[in-house]
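Order of the sequence lines sets the chain letters (A, B, ...), proteins ahead of strands, with each chain counted from 1. The shown structure was predicted, so the numbers you read here are calculated from the model rather than taken from an experiment.
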There are 2 protein chains.
Amino acid sequence: MKEGPDIARVAALIGDPARANMLTALMVGKALTATELAAEAGVTSQTASTHLAKLDGGNLLRVRKQGRHKYFSLATDDVAAVLEGLMGLAAKSGHLRTRTGPRDASLRKARVCYNHLAGDMGIRMFDSFHGRGFLVLEREALRLTSEGAEFVAGFGIDLDKLAAQKSPLCKECLDWSARRSHLAGSLGRALLSRIEALGWAKRDPDSRAVIFTQRGEAAFARQLAVATV
Amino acid sequence: MKEGPDIARVAALIGDPARANMLTALMVGKALTATELAAEAGVTSQTASTHLAKLDGGNLLRVRKQGRHKYFSLATDDVAAVLEGLMGLAAKSGHLRTRTGPRDASLRKARVCYNHLAGDMGIRMFDSFHGRGFLVLEREALRLTSEGAEFVAGFGIDLDKLAAQKSPLCKECLDWSARRSHLAGSLGRALLSRIEALGWAKRDPDSRAVIFTQRGEAAFARQLAVATV
DNA sequence: CAGATGGTTCGATTAGGGTCGAACTATGAA
DNA sequence: TTCATAGTTCGACCCTAATCGAACCATCTG
């Protein structure tokens, strides 16, 4: 009856509405300050402070002090993955927080998941990469093949800089809208920021949606999400 | 500030210690009755009843009535996956419920995760299957190749019977001890029960550990977890 | 039928934790 | 230095939800 790690602590941390709002807000990948998160959660700054201390104590957040500001972000990709998993369960049991509106469709199509591309387009890119042999599933998670490295470099991504980081290069992440994998990890992040730098898409400032321009979407389909079937 | 599914509800369900104990107990994959779960959680049958009703209402459980008994099991593999994810976070933040004891090592080596094999040996089998081309990662999750099907059939598993079930055949599941994938889904379940039927291993009745016999472990290494490197 | 066991419902109690007002510290700007 | 803003700590309040005793249904056994 007492074996394995203590789920209840972590789940209870996520289980409070205010804290859940904060975590969801952090899913966009940006670091947010305490007051921003307070607004996001709809509570005063005092209560936000206690919440954030608890989340930090549970190792769910990464904290950086900058001047008189305190920036919070999700601790690791694993945390984001668990949050996505919970969203999947919640969505399946029919408890959406908002009625399906127009914005919901765009969220399903393309959104940001802890700084990498998720939603339909994220999945299409992942599938295409896999089909073209850029990514292979190996014992140690996902690996970028040499062909993949070449392609990615040609797309304008500095792999050496990514390799210097300690966070894993490639990782799978499971979507809550579809139930399939998309690319996470530092490469996933780099790809999204490259897409933004190319002007193919930009993020909706008020939500997790990623909005592609017409030309951007076409270029995306031509280069990143080539059909392989 | 209000987009996507409502995490807090689900997380709060898991966040109560009693309910978390119940869910953890169900991770072995067996269906348990209400009183068994009450004992597992350390509460009276009345409170267990209310807890189980809530878990069921949150679509986390599957319920079957059999005579005067009520059998509970986890609703889907997704639920198990999220629970494993939470265990990973909890383990990383150092909050193990029990001190690392002798049993802990055996749990890391081989344990049951919602009826399929997890732990080191589960990962080795998964890697081997993948390396031998029995499993490929496709857009629609994991697929068993024809070579894989042939092998599995030769191992004494009736694939037609599995295909008749509506639950997915192959699925990945992430370990909390290692951070790697092992095989879930109905095929994962079938493999484990075949391993038990062959007398290679049997489950520890008091925990999630799976204990292999010497001969069983050798046979496992020879047939299921062949090194491919 | 009676007796026993599994499970549920109700009500009352209680404790834990989220919340905010107010006072306090720390950093930056003028 | 003075003011403003970001964040924390403390105390008090309040409310939800977990818990159990007791009574109640349902199902199986003899």
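- Annotation: side-chain hydrogen bond (donor to acceptor under 3.5 Å, both in side chains) contacts of Arg64(B) (sequence neighbours excluded): Ser73(B).
- Annotation: ring pair (Phe, Tyr, Trp, His ring centres under 6.0 Å) contacts involving residues 183-208 of chain A, sequence neighbours excluded, comprise Phe155(A)-Trp200(A).
- Legend: residues meeting side-chain contact (heavy atoms from CB on, under 4.5 Å) with Ser49(B), ordered by chain and number and at least two apart, are absent.
- To the nearest angstrom, C1' of dT9(D) lies 15 Å from CG of Leu52(A).
- dG7(D) atom P lies 14 Å from atom CG of Leu61(A), rounded to whole Å.
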Quick tally for nucleotides 15-22 of chain D: nucleotides whose base has a protein heavy atom under 4.0 Å get B, sugar-phosphate-only ones S, the rest -, giving ---SBBBB

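- Overall bending of the helix from dC1(C)-dG30(D) to dA30(C)-dT1(D), expressed as the angle between end axes built from five pairs apiece, is 30° (10° steps).
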In 5'-to-3' order, the base (B), backbone-only (S) or no-contact (-) status of each nucleotide in nucleotides 1-6 of chain C, using a 4.0 angstrom heavy-atom cut-off, is ---BBS

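- Judged as a side-chain contact (heavy atoms from CB on, under 4.5 Å), and not counting sequence neighbours, the contacts of Thr35(A) are Thr33(A).
- Closest heavy-atom contact between Leu192(B) and Asn115(B): CD2-O, 3.3 Å.
- Under the rule for a side-chain contact (heavy atoms from CB on, under 4.5 Å), the partners of Asp158(A) that lie at least two apart in sequence or sit in another chain are Asp160(A), Lys161(A).
- Here Ala34(B) pairs with Leu52(B), Phe72(B) under the side-chain contact (heavy atoms from CB on, under 4.5 Å) rule; sequence neighbours left out.
- Nearest heavy-atom pair, Ala209(B) versus Leu107(B), reported as atom, atom and distance to 0.1 Å: N-CD2, 3.5 Å.
- With sequence neighbours left out, the salt bridge (Lys or Arg N to Asp or Glu O under 4.0 Å) criterion links Asp16(B) to no other residue.
- For the pair Ile14(A) CD1 and dG18(C) C1', the interatomic distance rounds to 18 Å; values are reported in whole Å.
- In terms of heavy-atom proximity, Asp77(B) sits nearest to Ala184(B) at OD2-CB, 4.4 Å.
- Residues passing the salt bridge (Lys or Arg N to Asp or Glu O under 4.0 Å) test with Glu217(A) are Lys109(A), sequence neighbours excluded.
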Find every protein N or O atom lying less than 3.5 Å from an N or O atom of nucleotides 11-16 of chain C, and list the pairs.
none

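- Aromatic ring pairs are classed by plane angle as parallel below 30°, tilted from 30° to 60° and perpendicular above 60°; the pair His182(B) and His116(B) is tilted.
- No side-chain heavy atom of Leu83(A) sits less than 4.5 Å from a side-chain heavy atom of Leu26(A).
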